[in-house]
Amino acid sequence: MLAFAIALCLWGAVAEAAYFSQQPLDKVVVAGQSVTLPCVIVGYRGMVQWTKDGLALGGERDLPGWARYSLLGDPASGEHSLVIESAELGDDAVYECQATQAGLRSHRAKLTVLVPPSDPIVEGGPVVRLKAHTPHNLTCRASGAKPAAEITWYRDGEVMHSSLMEDGKRETAVSLLPMVPEDRDSGRTYTCRVLNPAAPAGRQTSVTINVQHPPSVTLSVQPQTVMEGAKVLFICSASANPEITGYRWSKGGIPISEANGDSLEVTVDHSYFTDPVSCEVSNSVGSTNVSTLVDVQFGPRLLSEPKPLTVDTGMDAAFTCAWTGNPPLTLAWTKQGSSVVLSNGNTLQLKAVTQEDAGTYTCKAIVPRIGVAERDVTLTVNGPPIITADATQQAVKHSKGKLECLVGSSPPPDKIMWTFGDMNLSSGSSGRFSVQTVNSDRGVVSSLILSETLAQDFQMRYNCTAWNRFGTGTVLVTLKEQGGISSTAIVSSAKLIAPFLHIQTTCALATIIYTYLISTLIVQFSNSLSSLAVAKTPTGPPQMRHHHSTFIFPAFLQLTI
């Protein structure tokens with residue numbers, strides 16, 4: 001009990017005597033430098049130890065396990081300073097000097113280790129390849145610094161943000177430089193400069209901008225204006241970064257497989273006026289396609305053919321035809337048989353047509369100084385029969401005769417009938433009369449045939465009448481007797497020609513004329529005898545018939561004298 005009291009008194013005396021004459025203070029050191037944290041305790045001979053963030057480093061002077069750590073000074077004098085060689089980021093901590101037996105603790109000292117940034121890195125460097133006209137952020141990173149580095153760009157740079165790394169102490173600073181690169185930026189140098197208190201002089205990295213772009217293409221044609229069938233040369237001029245990798249040609253969207261260079265020579269036709277020729281140039285960045293047309297001059301070419309029409313009387317009719325040509329063409333619609341221009345547009349409108357409007361219409365296209373072309377189209381107008389016939393038709397008495405009428409309307413006639421005297425005949429035969437019907441390209445021809453014409457046939461009127469579902473048409477025809485050569489005319493001709501026979505100029509000519517007249521007189525005489533023999537009712541007394549016979553021979557005799 002006494003011993004314990006003595007020891008307690010001695011401890012109290014020691015405690016009252018021991019104190020810190022030097023204590024560690026906060027310090028800042030750059031990584032790699034050495035630092036000393038002072039600790040001097042007066043009046044204390046016991047164990048002294050340091051703690052790092054509350055962890056005891058040990059009581060030995062050489063601090064085993066901490067290779068760069070040691071205690072500096074004379075322990076008998078109470079010197080227990082902590083020396084840290086080549087400070088590292090791991091040394092960044094709170095330190096405390098403790099006299100364990102005296103129960104003394106120093107001030108807590110914060111050791112801050114500054115770390116300079118590593119050399120900045122510009123993403124994509126040292127040559128940053130950018131696509132022209134495409135927004136891009138140049139990115140500079142300064143990592144491993146404590147505190148975070150300040151980043152400055154050569155042009156308008158600014159610190160965008162900073163972030164802690166995994167150890168919670170080092171920081172990475174990132175700076176973005178927005179830009180829209182143009183071709184003129186290619187070859188420029190951009191510099192990213194970083195600094196912090198550990199590297200006040202700063203560090204920097206430079207990059208060169210290489211602005212890349214798809215090919216810039218110009219397509220020309222020589223000559224620009226040509227006639228159809230001429231040759232032209234297409235020239236595809238291009239510049240690119242990086243270099244051009246290929247050319248591809250097409251016409252109207254269809255590839256031209258045999259063309260693969262920067263030029264193309266072709267013989268042009270009208271299609272080059274409407275189907276563009278394209279040149280597509282490529283590189284590793286992209287491709288550019290440029291097209292052009294050729295001013296090919298050509299004559300009219302039909303785009304839409306007019307279609308024939310069949311309409312009923314009173315309805316409207318419309319024809320359409322479309323042409324193309326270069327230079328621009330003009331159109332003209334006309335009707336066959338007329339020079340009147342009915343329309344200058346693609347469409348011809350006919351209002352409330354009549355049968356007179358039926359026929360062939362012409363759509364004509366005219367390209368100035370180049371050529372003309374046309375197309376015909378037929379308009380058929382349904383209506384009552386239209387009958388045409390010669391009002392007076394001829395036949396020789398006592399010989400075969402024929403009367404004709406043409407029914408040319410649409411639709412074809414259902415029936416055609418001849419009416420004369422008290423007789424109606426549409427087909428077949430009756431006595432001396434028969435009807436024949438023949439289809440032709442002009443319509444239906446109906447013929448009333450007389451096996452032998454008599455005198456009374458020339459006194460009647462003949463009606464040709466036709467019917468169809470639209471109505472009736474009729475025409476009146478008369479039959480006129482066709483006479484032979486009169487004896488008076490023969491005699492007169494003979495008297496005129498006879499004097500020339502005595503002229504001794506051309507014997508051959510005289511012989512020909514003489515032979516012709518003799519043959520004509522003989523034929524006339526034979527016909528006269530035949531008429532007298534077959535006549536059922538004589539047209540005159542016997543002496544008159546005899547007079548006609550004797551009248552001819554004197555003319556004959558006059559020629560033979």
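The chain is numbered in sequence order, starting from 1.
The side-chain heavy atoms of Gln212 and Pro242, taken from C-beta on, include a pair separated by under 4.5 Å.
To the nearest 0.5 Å, the span separating NE2 on His136 from CG on Leu130 amounts to 4.5 Å. To the nearest 0.5 Å, the span separating CD on Gln393 from CG on Leu448 amounts to 9.5 Å. One distance of note links CG of Leu450 with CZ of Phe458; it measures 8.5 Å at 0.5 Å rounding. The distance from the OG atom of Ser426 to the CD1 atom of Ile416 is 9.5 Å, given to the nearest 0.5 Å. Taken to the nearest 0.5 Å, the CD atom of Glu356 stands 8.5 Å off from the OG1 atom of Thr313. The CG atom of Leu176 lies 9.5 Å from the SG atom of Cys140; values are rounded to the nearest 0.5 Å.
Partners of Thr347 according to the side-chain contact (heavy atoms from CB on, under 4.5 Å) rule, which considers only residues two or more places apart in sequence or in another chain, are Ala318, Thr320, Gln349. Among residues two or more places apart in sequence or in another chain, the side-chain contact (heavy atoms from CB on, under 4.5 Å) test is passed with Asp262 by Tyr247. For Trp323, there are no side chain to side chain donor-acceptor pair (under 3.5 Å) partners two or more places apart in sequence or in a different chain. Take Ser429 and apply the side-chain contact (heavy atoms from CB on, under 4.5 Å) test, not counting sequence neighbours, and it matches Ser434. The side chain to side chain donor-acceptor pair (under 3.5 Å) search around Thr474 returns Thr465, not counting sequence neighbours. Under the ring-ring contact (aromatic ring centres under 6.0 Å, His included) criterion, Tyr272 pairs with no residue at all, not counting sequence neighbours. The side-chain contact (heavy atoms from CB on, under 4.5 Å) check on Val127 picks up Arg129, Asn210, with sequence neighbours excluded. In this structure, Ser250 has no side chain to side chain donor-acceptor pair (under 3.5 Å) partners at least two apart in sequence or on a different chain.
Other residues, nucleotides and ligands place more than 12 heavy atoms under 6.0 Å from the CG atom of Leu303. Within a 6.0 Å radius of CD in Glu243, no more than 12 heavy atoms belonging to other residues, nucleotides or ligands are found. Counting heavy atoms of neighbouring residues, nucleotides and ligands inside a 6.0 Å radius, atom CZ of Arg461 does not exceed 12 of them.
The two residues Asn326 and Ile370 have their closest heavy-atom pair at O-CG1, 4.1 Å. For the pair Asp357 and Ala352, the tightest heavy-atom approach, listed with the atom from each and the gap, is OD2-O, 4.4 Å. Annotation for Ser440 and Val445: closest pair OG-CG2, 4.0 Å, computed over non-hydrogen atoms.
Lys364 and Thr330 share no side-chain donor-acceptor pair at under 3.5 Å. Of the N and O atoms on the side chains of Thr362 and Asp376, at least one donor lies less than 3.5 Å from an acceptor on the other residue.
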Side chains of residues 377-389: which donor-acceptor pairs under 3.5 Å do they make with residues two or more places apart or in other chains?
unit_1 : atom_1 : unit_2 : atom_2 : d
Asn382 : OD1    : Ser410 : OG     : 2.7
Asn382 : ND2    : Asp312 : OD1    : 3.0

Donor-acceptor list for residues 399-407 side chains, cut-off 3.5 Å, not counting sequence neighbours:
unit_1 : atom_1 : unit_2 : atom_2 : d
Ser399 : OG     : Val396 : O      : 2.5
Lys402 : NZ     : Glu404 : OE2    : 3.3

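Under a 4.0 Å N-O distance rule, the pair Asp457/Lys397 does not qualify as a salt bridge.
No side-chain donor-acceptor contact under 3.5 Å links Arg432 to the backbone of Ser451. Of the possible polar contacts, none joining the Ser430 side chain to the Phe433 backbone as a donor-acceptor pair under 3.5 Å is found.
Evaluation of the side-chain hydrogen bond (donor to acceptor under 3.5 Å, both in side chains) test over residues 413-425, restricted to residues two or more places apart or in two chains, returns Trp418-Ser446, Thr419-Asn424. Within the structure, side-chain hydrogen bond (donor to acceptor under 3.5 Å, both in side chains) pairs that include any residue of residues 224-237 comprise Thr225-Asp295, Glu228-His270 (at least two apart or interchain).
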